[in-house]
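Read the structure below first, then the notes.
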Amino acid sequence: AFLGVWSGIGTVLCYGSYIGFEQATTWDGKIIATGTWSYFWLTNGDICALCGPDTMYTFISTVLISGFTTLFFSKIHILIMGDAARKPVFHFLGDDNAAEAEAEEKVVEAAEEKVVEAA
């Protein structure tokens, strides 16, 4: 998910650069920002922030590209890390690892009992 977010940011930067966007202005002509990062304001000159084809393409492409890259990088993470990739990366105060270990132990015991019964 982290790389998906960065891919979405990259999409907005690349598209803003592609269309040659250089400055963001308010409806009354006041300049809000200039340069590459100004496209994050999603103003298209005299057009409102949620109108116009450039903004529509930005919304569509950002969602599609960041969604695809999130799934892509998640798949790579699972292929490299195996089952460890499905566990939380960051642990916070209050995480109960003892309860999780106990639940896993019960599952293993139940599976072993079924193997013994089947034999």
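Not measured: the values here are computed from a predicted model.
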Cluster check F72, I80: I/L/V/M/F/W/Y, side chain < 4.5 angstrom: yes
Might you point out which heavy atoms bring G4 and T70 nearest each other, and give the distance in Å? CA-OG1, 3.1 Å
Listed partners of Y57 passing side-chain contact (heavy atoms from CB on, under 4.5 Å), at least two apart: Y15, P53
Are F2 and V12 linked, directly or through other ILVMFWY residues, by side chains that come within less than 4.5 angstrom of each other? yes
Looking at CG of L3 and CD1 of I76, how far apart are the two atoms once the value is rounded to the nearest 0.5 Å? 9.0 Å
Quick check: does any side chain N or O of T69 sit under 3.5 Å from a backbone N or O of S66, one acting as donor and the other as acceptor? yes
Flag the pair F68 / S7 as yes when at least one side-chain heavy-atom distance between them is below 4.5 Å, and no otherwise. no
The criterion is side-chain contact (heavy atoms from CB on, under 4.5 Å); which residues satisfy it with I9, sequence neighbours excluded? V5, W6, L13, W37, F40
I'd like to know if V63 and I65 are part of one continuous hydrophobic network [Ile/Leu/Val/Met/Phe/Trp/Tyr, side-chain heavy atoms within less than 4.5 Å]. no
side-chain contact (heavy atoms from CB on, under 4.5 Å) involving I31 - partner list, sequence neighbours excluded: Q23, T25, T34
